[in-house]
Every structure is written in structure tokens, then in C-alpha cells.
Amino acid sequence: MTDQVLNILKFVLLGLLYLFFARVLWAVWSEVRTPTRRPVMGTPRPPGQPTTPTSPPVGAPGATSRKQAKKQAKGRASRLVILEPRARRGMSVMLTGDVTLGREPGCTIVIDDDAYVSQLHFRVFDYEGQPMVEDLGSTNGTFHNGSKLVGAKLLHPGDRIQVGTTVIEAQ
């Protein structure tokens, strides 16, 4: 082979090597960056369906305030059901007293095979007859209906909590 062909092959090999490293860095970056705000386990909407439910204007017949509508639409959650991962799907825990989730053996729900779960990750407790979910200073955070949980929030039936790869629904 001539020197020109060998030089071209060296540059091609060098270019492929740079593309490989760029792909590895992209994969690492996408795993490390903070998650964006999106639904936890949402299903895609069919075309033409509105993104938010429509309701009658305030003061119109049949209109209620947001608080009243929320209370009417949602009752009290009485249990937590694991939806993901598939190995734990269907496992349920009744909401009686404090319910904790983490890798620690003393937790009510022990998730010891997920590196994104802290030793004591979150708890669900009773507040004036309503269950509340609270992040306990976890490293990777707790997501309530797709939003990062800050402080404590009321837990209603249908709400979803995500911790690492585990998705839990209140029922």
C-alpha cells in the first residue's frame, strides 16, 4: 500500500475513535443529568385530544371551585400498589400508620436492588385523616405525578410516586 492510503486509513480510524468516545460521553451524560419534568408512566395522547381537561367557567351552571372538584373527584387513598418493575408488580401495602420505603431492612417496603433508592427514601404518613407523602432527604429524589417532591404532599387515589425504577400508585 502507498503512504497516502495508509494516512487516509489512519485518519478514518482516528475519526471513528472520536465518534466512539463522543457516544460514550453522551450516554454517561444522559444518565447523570437531572430528570426533566414529565409524566411518570403516562400514555401518549391521541391526536386532537386536549392536554388538559376542560371544565365550565367559574360561575356557570355545574361549575365548582377547584378545591371542591378535587375533593369530589378524589377520595382517600387506602393502599399503595407497585406498578414497576415487573418483578414486584401487584405488591400492595395498606396505608395504616407510617409507611416507609428504602433499602434499609426496617422499611415497610424494602427495595434493595435499586441503586437509586436511598437507605430511607420516603414515607407516607397520616395527616388529619389524609395520607401525605414526604421525601426524607434522598439523594436522587422522589417524584410525585412526574414532579420532584419538595416537602410533603397529599396523596390521592391515582397519584403515582416514582423512586428510581420503582413506580407506585396510590389506590
Side-chain angles (χ1 to χ4, degrees), residues 27-47 49-58 63-171:
V28 169
W29 174 253
S30 64
E31 287 292 321
V32 170
R33 71 177 178 192
T34 58
T36 57
R37 219 175 155 197
R38 62 179 184 256
V40 175
M41 294 290 295
T43 56
R45 298 187 196 291
Q49 183 179 358
T51 56
T52 57
T54 57
S55 59
V58 177
T64 57
S65 72
R66 283 186 178 175
K67 285 185 180 180
Q68 290 172 340
K70 202 174 221 183
K71 283 182 181 177
Q72 290 172 358
K74 300 184 181 207
R76 183 187 191 286
S78 61
R79 67 182 181 149
L80 297 176
V81 178
I82 296 180
L83 302 177
E84 294 292 331
R86 189 170 277 167
R88 287 191 177 89
R89 183 177 291 157
M91 183 181 134
S92 68
V93 175
M94 297 305 289
L95 292 178
T96 54
D98 278 10
V99 175
T100 56
L101 179 137
R103 286 187 286 141
E104 201 169 86
C107 291
T108 311
I109 303 172
V110 178
I111 309 287
D112 56 359
D113 58 350
D114 190 344
Y116 294 103
V117 176
S118 297
Q119 290 293 322
L120 195 56
H121 203 97
F122 77 81
R123 75 178 180 134
V124 177
F125 61 97
D126 189 54
Y127 177 76
E128 295 180 359
Q130 282 290 335
M132 302 260 307
V133 61
E134 175 185 33
D135 186 81
L136 297 173
S138 63
T139 305
N140 297 305
T142 302
F143 293 86
H144 177 258
N145 291 332
S147 302
K148 190 166 186 173
L149 184 63
V150 179
K153 288 198 175 177
L154 281 175
L155 198 58
H156 299 287
D159 285 357
R160 292 194 177 179
I161 304 167
Q162 182 170 4
V163 174
T165 58
T166 304
V167 179
I168 301 170
E169 183 176 75
Q171 295 182 349

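- No more than 12 heavy atoms of other residues, nucleotides or ligands shown are found within 6.0 angstrom of OH on Y116.
- Side-chain contact, E169 with Q171: a donor N or O sits under 3.5 Å from an acceptor N or O.
- Under the side chain to side chain contact (heavy atoms under 4.5 Å, CB included) criterion, S118 pairs with H121, S138, T139, not counting sequence neighbours.
- For the pair D159 and H144, the minimum side-chain heavy-atom distance is below 4.5 Å.
- Between G141 and K148 the shortest heavy-atom distance is CA-CE, 4.0 Å.
- Minimum interatomic distance between V124 and L80 (heavy atoms only, all atoms of both residues): CG2-CD1, 4.0 Å.
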If you look only at distance, which donor and acceptor atoms sit under 3.5 Å apart when one is on a side chain in residues 88-95 and the other is two or more places apart or in another chain?
residue	atom	partner	partner atom	Å
R88	NH1	D113	OD1	3.3
R88	NH2	D113	OD1	3.1
R89	NE	L83	O	3.0
R89	NH2	E84	OE2	2.9

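- To the nearest 0.5 angstrom, Q119 atom CD is 10.0 Å from D112 atom CG.
- Using a 4.0 Å cut-off between charged nitrogen and carboxylate oxygen, R76 and D126 count as a salt-bridge pair.
- Sorted by first and then second residue, the pairs that involve residues 98-110 and meet side-chain hydrogen bond (donor to acceptor under 3.5 Å, both in side chains), not counting sequence neighbours, are D98-R123.
- D135 approaches F122 most closely through the heavy-atom pair CA-CB, 4.1 Å.
- Taking each heavy atom of G102 and C107 in turn, the nearest pair found is N-SG, 3.6 Å.
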Exercise. Can you check side chain to side chain contact (heavy atoms under 4.5 Å, CB included) on I168 and L101, steps first, answer last?
Worked result: CA-CA 11 Å; I168 301 170; L101 179 137; 3.5 Å; yes

